[in-house]
Structure formats: C-alpha cells, structure tokens
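Inspection log for the structure reproduced underneath, given as structure tokens.
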Amino acid sequence: QLRLVESGGGLVQPGGSLRLSCAASGFTLDRFAIGWFRQAPGKEREGVSCISSSAGSTTYADSVKGRITISRDDAKNTVYLQMNSLKPEDTGVYYCAANDHCSTYPFTFASWGQGTQVTVSS
C-alpha cells in the first residue's frame, strides 16, 4: 500500500524555523516527483514547492522563495522541507504528495499524506 506520512509541524514564532519530513512506505520515492502543498483555513490548497525525481530540479512558490528549501534523501525514502524566516501567513496544514512530474495543480497528484499543522504565531 502506497503511503506518505508528514511530520515536523508545530507552533513556532515569526522568524523561526521548522523542518518538515515526508516519509514514504510501500514504494520508493526516487521514481516520483514530490510536491509540498499547504492549506490555510478558508483557503484553497496551494503549491509551496516541488522536487522532481532523479534530476532533483526544484520549484518554489513566489511567496516562499529564499525562505524554504526542498530536498530529498532517496536512501531514507524521505523528502524534506526546510522552512526559515517563517511568517504568520505560512500558517496552515502542510501536505506532501507524489506524482510523475512536478505541477502546481493539486488535482494532478494522486497520492497524499494526512498533513501536518504549521502555526506561526507570537
């Protein structure tokens, strides 16, 4: 059974950092592009970042460029999202998802984790 599990969320003050993890089981991540999405209360799910398979090219939403870094460790079957200089507007549930290519459209991703809550507040 294909499964993605996010972890690493929590409550952090503005300017703080978090590292989210997306661990896969039941399949090997190295064949897939992995996207991170977030959803704030009352808002649509939006793409944050994506990393392609093998070549590892990355994309970022304009709102997070320079503050967030996506990386993958295929030996650990895990993708990470390092988030620095966090802002209150980064608050939301963060999800990772697998696809055969990177895309900003959530509906193109078939396999999703359950999400991890990130709250940025003083």
Establish, yes or no, whether the cationic atom of Arg45 lies under 6.0 Å from the six-membered ring centre of Phe37 and within 45° of the ring axis.
no
Shortest non-hydrogen contact between [X] and [Y], atoms and distance:
| X | Y | value |
| --- | --- | --- |
| Thr104 | Pro106 | O-CD, 3.4 Å |
| Gly26 | Leu2 | O-CD2, 3.5 Å |
| Arg72 | Val79 | CB-CG2, 3.8 Å |
| Thr91 | Gln117 | CG2-NE2, 4.1 Å |
| Cys102 | Ala33 | N-CB, 3.6 Å |
| Ala61 | Gly47 | CB-O, 3.5 Å |

Any side-chain heavy-atom pair from Val64 and Arg38 closer than 4.5 angstrom?
yes
Check the surroundings of atom CD in Glu44: do more than 12 heavy atoms from other residues, nucleotides or ligands lie under 6.0 Å from it?
no
Pair Leu4-Leu29, side-chain contact (heavy atoms from CB on, under 4.5 Å): steps then yes or no
CA-CA 10 Å; Leu4 293 169; Leu29 273 181; 4.1 Å; yes
Rounded distance (nearest 0.5 Å) linking atom [atom1] of [X] with atom [atom2] of [Y]:
| X | Y | atom1 | atom2 | value |
| --- | --- | --- | --- | --- |
| Asp30 | Asn77 | CG | CG | 7.5 Å |
| Thr58 | Ile70 | OG1 | CD1 | 7.5 Å |
| Phe109 | His101 | CZ | NE2 | 7.0 Å |
| Ile68 | Ser63 | CD1 | OG | 7.5 Å |
| Arg31 | Asp100 | CZ | CG | 13.0 Å |
| Leu81 | Cys50 | CG | SG | 11.0 Å |

Checking Glu6 side chain against Cys96 main chain: does a donor-acceptor pair fall under 3.5 Å?
yes
Whether the side chain of Ser49 engages the backbone of Thr59 through a donor-acceptor N/O pair (distance < 3.5 Å, no angle test) should be reported.
yes
Apply side-chain contact (heavy atoms from CB on, under 4.5 Å) to the pair Asn84 and Ser17, showing each step before the final yes or no.
CA-CA 4 Å; Asn84 301 321; Ser17 298; 2.9 Å; yes
Can you label the angle between the Tyr95 ring and the Trp112 ring as parallel, tilted or perpendicular, going by 30° and 60°?
perpendicular
In this structure, would Trp36 and Val118 fall into the same cluster of hydrophobic residues linked by side-chain contacts under 4.5 Å?
yes
Do Ile34 and Leu18 share a hydrophobic cluster (ILVMFWY, side-chain heavy atoms under 4.5 Å, transitive)?
yes
Does a donor on one side chain sit under 3.5 Å from an acceptor on the other, for Ser52 and Ser57?
yes
Between the side chains of Lys65 and Asp62, is the shortest nitrogen-to-carboxylate-oxygen separation below 4.0 Å, so that they form an ion pair?
yes
Applying side-chain contact (heavy atoms from CB on, under 4.5 Å) to Val120 and Met83, what does each step give before you reach the verdict?
CA-CA 11 Å; Val120 185; Met83 305 192 297; over 6 Å; no
